[in-house]
Each structure stands twice: as structure tokens, then as C-alpha cells.
Engineer: 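Please find one structure pasted underneath; my questions will follow.
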Amino acid sequence: MTRLQESIYDKTGADIPCALQALANRYVADNPAEPYRYRAFNREGIQRANDFRYVFNLGDRFPEAEVGQISYAWGMMWCDHPDTEMTWLTTAWGPLEVFVNGQRIYRSLPGDERPKIKRECRALLNAGWNDIALKFTKTRAGFGGLFGTPSSKWVIFNSIIASSERSGQEGWLFSKPVDEAVEELPIAGQSEFAGALQWCPHLEWTEEQQLMTPLERLYGSADGSTAFAWSKFQANNAADRMYRIIGSSLGPTVLLIDGVEKYRCEQAGKFELEMELSYGSHQLVIRDTAASSWGTTVTVMSGDQPVRLEQPVPVHGYSGAWLYLGPFADQYIPGKLELTELHRVHKDGGQGTYWRADMPGAWIRPYLEAPLFGKWNYPVGVTLYGLAQMGRTLGRSDLVAYAADHVAQTVRWYPYTKWDYEQYKGTGINQSLADIDSLDDCGSFGSTMLELYRDHKRISGVEELAEVIGTYISEKQERLTDGAFYRKHGQGEDTMWADDLYMSVPFLCRYYELTGQEKYIHDAARQFLLFRKYLYIPEEQLMSHVYDFEQGLATGVPWGRGNGWVLFSLSELLSALPEKHPEREELLEMFRTLSAGYLAHQSEEGLWRQVINEPDAYLETSCTAMFIYAYARGVRNGWLTDKAAYSNSAIQAWRGLTRHRIDARGNLFGVCRGSGYSHSSRYYKYDLLPQLNDTHGIGIVMLAGVELQRLIEWLQMP
């Protein structure tokens, strides 16, 4: 077993709070709280399919194209670290070539060029922006294809337009068909008017449209309807706080500054206002009503100098100073307080609407581009749970607030996320939340959401989203005829995974506590007994990772983290299960039996192995932490009667983690990456290798430390 150059143990011994502080401080420093990023998106451009890949339907876009002609697509993507491998998934309807930074990384073969065939291609990315070009050739059979990430849940791929004219928009430029291949591919920052290719979608308004007002261009005449324009400006003249606002309207208009009405007129005309403004930024909103025409122009003056208007929020790929919202009939006009809440989709009597840019086809969309903050997935949910519990235990209110802010951001944006998915099929934020199709899309993070909601009732929308998750788990998640959860579709078709006990049971327990509806706690208890029927290895007192219904047998491989999820989640269930529940004693016996099975395989270093019962498997961090957590809770709650054996085991395991798995800077080592499954243990030992600072382990280690600290304090009580 390797020893860290400077472990946290070398610095502070097995001190639990010190190790927890190091882990938490490192994580928060690397993942600061940040909002979603706004980009312009052209609805007339390339859209996505339900699997999140971009659809290059060039045959539909260029029906006049001739066989043998070529069309290119041009985008770019950002990478934080050099030599990072990126994988894409292609479907080619005709010949397809993929270029990254000018180098061809993929060329389809004739057997690849079918609508149902998917092929992976890979490239090592540079740090910074990387050019991506796709070359499509038309055949009689097809023209175009699909290109994108193999997994919208884990690897987000948003192509960013690379031309100098609209750099920063999400999407692709695609060229009109040409007869010959170009000698040089386009590169980021190049003008889209340079070279021989003509790029789509169109960039500029027509001459006729340029003569119109922005509202006329975007919404037409829309007689009697209302629309809004939103900008901001800086009142930075420290010597003179008096400002003039000079304007001209083509119909009824209202002008608001910082949400306060400053001017109203029911007919077209010019106006000039004078007012004192505080130093700093001010929001400017204009409400216009369509008459024979509509629109208002505004100039803000400081003395004899005009003040520059700015975008109210930074929108990449758009240079205009105004955003636009509408049109609304009278009964749907949003109130001034909710108007500028960017997480809100506004009702318009139809599908709803959102802010737009004064560009052809351009809408504003938010994107999750932070590596972790604001993300909804199951290991991040566990990480936030660990941060919250650690913050509560050690009096670190900042960590609890950080976790609550992360949860609040995802929940607040949920209605928009659903709307965005319905509009575009591939949402810019949290695709797995917008399109819930498995337990790990909802249960883990949903459980943490309810955990934080106990103390942070200010997080709006939690109960509504919890109902969506509860309904999915209870009514939509695939089950066997006996009621057990299993995976009918997606990863591991026709299988049952031990992992899914964590993806479901902790949420069901907390949702039972929130609603008082016993069906949820009954379902949680039943799942453990059903999973035991399929996955338990009685001669080992361990659990198989997966049951394969196509093969009709369990894998027989006791994967460490899979077993960790079982015992961890069973401890969560026992904490919530009523004392007189009819299945409590049977579940307690299951907890004790499994605990004894795991105890027999603890290594001399204190850690458990990636495959629990195979001595040549590597020592793995996340399962070790989950056994610490469960043992500490089991002793403290009286579920485990041999207090000395399990307390000593948990303490020894923690010493092993602090000596060999946590360094002095709070980095965490030895966490197995996210898994598939296999009937062979070799896959787990040699393919599922450990990773640095993997979120599958960070929160679990924090939770283990918290529970062990509570156990030690409990043992010290007289």
C-alpha cells in the first residue's frame, strides 16, 4: 500500500475535525458557488435529439444538394486541463469525418453509415478552446448525422460557435454545400465571411427588418399586446448625481428604474426626465404596448455625456444592450417584481416564453458550465449531504449554507429546466433532472434536498419537486412483478443493481417523514428484502453487485462500493423506520449479518477492498467510509451488540483513511470511478481504477468522519 507524501495523519494524527476541515475546504475552494452562464442560442440552427446529441439534418436543410457535395459544421469547446481525453458518439447518415484542432480523429467506414449505428471517437484536448469541425458528404442514402456526448448525465458537451461575429453562442455554424473539400478548416476567432464557405444560420436581419423597431422584428405588429425591454447602466459620476433620461415612444409606454415606475404615457411621443440616482448600477425596464407600431428609444445622459447602456446580465454571443420579453395579452402580463427573475418562465397563454436577443432566431439560455456547483447528479448529492452534516457537527454554518445554496439553485431553476427541455430536447442545465428516467437521476440528490429542507424552509419549490420524484419512484420506475426496482432500459438493461438501494431508499425515508404517508417507508423496507432475495451471497454474507435477468443469475462479485451502498442505506432506513414496523426485526438481522460479513474482510491497514473478498484487489476509499458510517451508527443506536469489535473496526478504518487516503491539503485518493458491471471480478480490479477527488467518495468520507466523531463522544459519556 502506497503512503502519501504528506498525509493528513502526518500533520494532525487521526484528528477527525482536522481531516474533515481539510476535505471540505479543498472542495469548496475548487468549486466556488457560481450562477449559470447565459448564452445566445439560435432556434434556426442545429438542434439536439432526445439523447442530447446534435442533429445535423442537412438533407432537410439543403434539399437541392447534389450527391457528392460537402457541408461542414464548425464549433469549439473549452477544456480546463491539457491532454484531457474527450469522447463523442457519432451516427453517420453518409460519409462523416471529425476534426479536432485541425487533426482528423474519425472517418466513418461504409458499415458505420447507417441511421441506427453509433460509433465512438476520441481526442486529447488542449487547455483552453479547441476547434471542432465536422465534414459531411451527401450520398443517395443520406446527408448529415448526429454528434455529441455519449452521456448527458456525466459529460456535458456544448458546442460554442467560434466565429468572431457570434463567438460565445451555443450551437454550430454549418455551411451551404460545396463541390470540393476546403484546403484549410476554420479556426476560432476567424470571421465567418472569410474563406469560401457560406455559413448558416443567417447572421443579420434583412434590410426590411433593419428598418423596423426591435419589437416589430421580434414579435410583429401584435396589436394590443405588451412586451418588455430590459437593460442597465452605471451611474458613476461621483460629482453629479443628476441624470436625464431622454426618450421617444411609438405607443403606450412605461419606464421603470430599479423596479420603480418613473414615467408612463398612453400615447406616442417624446419625453425627458430628470432624476437623482445613487452611485452604481441601475436596472432599466421599458414596457411597451403595441398600437399601429411599438417600441421606445432611450438615452441616459450625465451632464452632456450619454451613459453607455449594458446587458442586464452578461450574455455570451450577443453584443446588444437590450433583452426582450413578450408578447403578452393583458391577463398574462408579468408583475414588475417577477419580471427580471431569470429562473422564471413567463406564461403567455401558450407554451410560455423567455428572454430574447435582437438577432435572428436568437433566444437567451442558461448553461451549467461549472464542473460541479449547480449540478444535479447522485455523487454530488452525496457530497452535499456530507458537507451539510459536517457543517452542522463542527459549527461551520458556511458549509451548510454552501450546500443549501447549491440545492436551492437547482430547485429554483427546475421549472425553467423542464421548459427548456420541452423547447430544445437538450436542456442547458441538468438534463438528468429535466428528463428523469432512472433512480440515480432523482433519488440521491432528492434525498439531500429534503435533508437540507428541514433547516432551510426558504428553499422554494422543494415540496413540488419532491412530489415529482416521489411520483416517479412510486409509479414510473421500472419494477419486477414482485415490486422490486430494476433497470429495464439504459445502462445495464434487464438488471438489478445494489447501488439502487441508495438511489431510492434514503429519499423514500425522508419523503415519508415529510408527508407522513406510510406507503413510502413500507416501499423502502420492502426493497431491502427483495434485493436480498436476488443479490445476497449467503456463504459469504456479502451482496452481489448486480443481478442479470437476461442471464438469470447474479454476478457473484461483491463490489466494495455496491456493498457499501447497501449497508449505508440500510442504516438510513433503520434510523427512519418506526420501532413497531413489522419488518424492522428482519431488517435489523440483515444489518447485523452483513456487518459481520464485511468485518471478516477488513484489511490490516483498516480499509476494505474494491472486491471485498479478493486479497489482490486494491484498497478502496468509498466503501471503507460507508462501513465506518454504518458501524458507527449501528453501535450508537444499539443495532450492533458487539460494541468493541465494531467501534474498533471503525476507528482502525478511519486511521487507515487518514494515513493513506487523505493528504495534508485535503485531496482524497483511492475512490473507484463510476462503474458498469461484469460477471468477472477482473473488471472491478483492473478497469474500475481509483481516481483523485472523485465525488463518489468525498461526501461519504465526510459522513463517515461525522458519524465516527459522534460515536466517540457517545462512548466517552459516563
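Everything numeric in this text was worked out from a predicted model, so none of it was measured.
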Engineer: Locate the shortest heavy-atom distance separating I70 from T137; write the atom from each residue and the value.
Structural biologist: CG1-OG1, 3.8 Å
Engineer: Check E170, Q169, R37, R39 against R365 for a side-chain contact (heavy atoms from CB on, under 4.5 Å) and give me the one that passes.
Structural biologist: E170
Engineer: Got a donor-acceptor contact below 3.5 angstrom from the S159 side chain to the G171 backbone?
Structural biologist: yes
Engineer: Does a side-chain N-to-carboxylate-O contact under 4.0 Å join E97 and K135?
Structural biologist: yes
Engineer: In chain order, what residues pass the salt bridge (charged side-chain N to carboxylate O under 4.0 Å, His left out) check against R43, with sequence neighbours excluded?
Structural biologist: none
Engineer: Which heavy atom in N101 sits nearest to a heavy atom in N130, and how many Å separate them?
Structural biologist: ND2-OD1, 2.8 Å
Engineer: First locate atom CZ of R48, then atom CD of Q431, and finally report the distance between them rounded to the nearest 0.5 Å.
Structural biologist: 8.0 Å
Engineer: Measure the acute angle between the ring planes of Y54 and F157, then classify it against the limits of 30° and 60° as parallel, tilted or perpendicular.
Structural biologist: perpendicular
Engineer: Over 60° means perpendicular and under 30° means parallel, so classify the ring planes of Y416 and W413, tilted if in between.
Structural biologist: perpendicular
Engineer: Considering residues, nucleotides and ligands other than Q210, do more than 12 of their heavy atoms fall under 6.0 Å from its CD?
Structural biologist: yes
Engineer: In this structure, are over 12 heavy atoms from other groups packed under 6.0 Å from E64 atom CD?
Structural biologist: yes
Engineer: Go through K116 and T91 one step at a time and tell me if the side chain to side chain contact (heavy atoms under 4.5 Å, CB included) criterion holds.
Structural biologist: CA-CA 7 Å; K116 294 183 179 180; T91 294; over 6 Å; no
Engineer: Between R166 and A162 (side chain of the first, backbone of the second, donor and acceptor by atom type, cut-off under 3.5 Å), is there such a pair?
Structural biologist: no
Engineer: Do D179 and Q69 have side chains that get closer than 4.5 Å, going by heavy atoms?
Structural biologist: yes
Engineer: Has the side chain of S71 got a donor or acceptor atom that lies under 3.5 Å from a matching backbone atom of S175?
Structural biologist: yes
Engineer: What distance separates R119 CZ from E113 CD, expressed to the nearest 0.5 Å?
Structural biologist: 10.5 Å
Engineer: For the residue pair Y378 and H696, does the interplanar ring angle fall in the parallel (under 30°), tilted (30 to 60°) or perpendicular (over 60°) class?
Structural biologist: perpendicular
Engineer: Side chains of S191 and E165: any donor to acceptor distance under 3.5 Å?
Structural biologist: yes
Engineer: Measure across Y472 and C442 and return the closest heavy-atom pair with its distance rounded to 0.1 Å.
Structural biologist: CD2-SG, 3.8 Å
Engineer: Is it true that R673 and D694 have a side-chain N and a carboxylate O under 4.0 angstrom from each other?
Structural biologist: no
Engineer: Test side chain to side chain contact (heavy atoms under 4.5 Å, CB included) on H202 and E44; report intermediate values, then the result.
Structural biologist: CA-CA 9 Å; H202 58 284; E44 298 170 2; 2.8 Å; yes
Engineer: Inspect the surroundings of CD in E338 and state if more than 12 heavy atoms from other residues, nucleotides or ligands are less than 6.0 Å away.
Structural biologist: yes
Engineer: Any donor-acceptor pair under 3.5 Å linking the side chain of T90 with the backbone of A92?
Structural biologist: no
Engineer: Measure the acute angle between the ring planes of Y424 and W419, then classify it against the limits of 30° and 60° as parallel, tilted or perpendicular.
Structural biologist: perpendicular
Engineer: For F147, run the ring-ring contact (aromatic ring centres under 6.0 Å, His included) check against W88, W93, F136, Y106 and tell me which one passes.
Structural biologist: W88
Engineer: Any side-chain to backbone donor/acceptor pair from Q103 onto V100? Under 3.5 Å, distance only.
Structural biologist: no
Engineer: Salt bridge check, R412 against E341: does any charged N sit closer than 4.0 Å to a carboxylate O?
Structural biologist: no
Engineer: Does CZ in R122 sit with more than 12 non-hydrogen atoms of other residues, nucleotides or ligands closer than 6.0 Å?
Structural biologist: yes
Engineer: Any donor-acceptor pair under 3.5 Å linking the side chain of S163 with the backbone of E192?
Structural biologist: no
Engineer: Test side chain to side chain contact (heavy atoms under 4.5 Å, CB included) on L215 and Y324 and set out the steps.
Structural biologist: CA-CA 8 Å; L215 297 184; Y324 299 90; 3.7 Å; yes
Engineer: Distance-only, no hydrogens or angles: does the E216 side chain make a donor-acceptor pair with backbone N or O of T213 under 3.5 Å?
Structural biologist: yes
Engineer: So, taking the atom named CH2 in W322 and the one named CG in L325, what distance separates them when rounded to the nearest 0.5 Å?
Structural biologist: 13.5 Å
Engineer: Distance from L185 atom CG to E183 atom CD, nearest 0.5 Å?
Structural biologist: 11.0 Å
Engineer: CG/N126 to CG/D83 distance, rounded to the nearest 0.5 angstrom?
Structural biologist: 7.5 Å
Engineer: Check whether any side-chain heavy atom of Y421 lies under 4.5 Å from a side-chain heavy atom of N50, and answer yes or no.
Structural biologist: yes
Engineer: Should the pair W199 and W74 be assigned to parallel (<30°), tilted (30 to 60°) or perpendicular (>60°) ring geometry?
Structural biologist: tilted
Engineer: Can Y402 and F373 be said to form a ring pair (Phe, Tyr, Trp, His ring centres under 6.0 Å), step by step?
Structural biologist: CA-CA 10 Å; Y402 173 92; F373 190 86; 5.4 Å; yes
Engineer: Test your reading of the model: is there a side-chain donor-acceptor pair from R61 to the backbone of G45, 3.5 Å cut-off?
Structural biologist: yes
Engineer: Please report the shortest heavy-atom distance between A40 and Y318, naming the atom on each side.
Structural biologist: CB-CB, 4.3 Å
Engineer: Can you give me the closest heavy-atom contact between G374 and N430, atom names plus distance?
Structural biologist: O-ND2, 3.1 Å
Engineer: If only side-chain N and O atoms count, and only distance matters, is there a donor-acceptor pair under 3.5 Å linking T353 with D348?
Structural biologist: no
Engineer: Walk me through it: do F41 and W363 pass the test ring pair (Phe, Tyr, Trp, His ring centres under 6.0 Å)?
Structural biologist: CA-CA 5 Å; F41 173 80; W363 292 69; 9.8 Å; no
Engineer: Decide yes or no on side chain to side chain contact (heavy atoms under 4.5 Å, CB included) for W376 and L368, but give the supporting numbers first.
Structural biologist: CA-CA 10 Å; W376 178 291; L368 169 60; over 6 Å; no
Engineer: As a quick check of understanding, evaluate ring pair (Phe, Tyr, Trp, His ring centres under 6.0 Å) for H343 and Y354, giving each step before the final call.
Structural biologist: CA-CA 9 Å; H343 64 275; Y354 197 67; 9.8 Å; no
Engineer: Under 3.5 Å, is there a donor-acceptor pair between the side chain of D420 and the main chain of G428?
Structural biologist: yes
Engineer: Quick one: side chains of residues 75-82, donor-acceptor pairs under 3.5 Å with protein atoms, not counting sequence neighbours, listed by atom name and distance.
Structural biologist:
unit_1 : atom_1 : unit_2 : atom_2 : d
W78    : NE1    : D80    : OD1    : 2.8

Engineer: Test W355 against Y38 for ring pair (Phe, Tyr, Trp, His ring centres under 6.0 Å), laying out the working first.
Structural biologist: CA-CA 11 Å; W355 291 95; Y38 301 98; over 10 Å; no
Engineer: Could you walk me through whether D494 and K488 pass salt bridge (Lys or Arg N to Asp or Glu O under 4.0 Å), step by step?
Structural biologist: CA-CA 5 Å; D494 287 325; K488 178 64 178 174; 3.3 Å; yes
Engineer: With rounding to the nearest 0.5 Å, note down the distance linking CZ in R104 to SG in C121.
Structural biologist: 12.0 Å
Engineer: For the CD atom on E85, are there more than 12 heavy atoms of other groups (residues, nucleotides or ligands in this structure) within a distance under 6.0 Å?
Structural biologist: yes
Engineer: For G94, does its backbone N or O pair with a side-chain atom of T139 as donor and acceptor, under 3.5 Å?
Structural biologist: no
Engineer: Of all residues at least two apart in sequence or in a different chain, which pass the side-chain hydrogen bond (donor to acceptor under 3.5 Å, both in side chains) check with T417?
Structural biologist: none
Engineer: Could you report the tightest heavy-atom contact between Y683 and S678, atom names first, then the distance?
Structural biologist: CB-CB, 3.5 Å
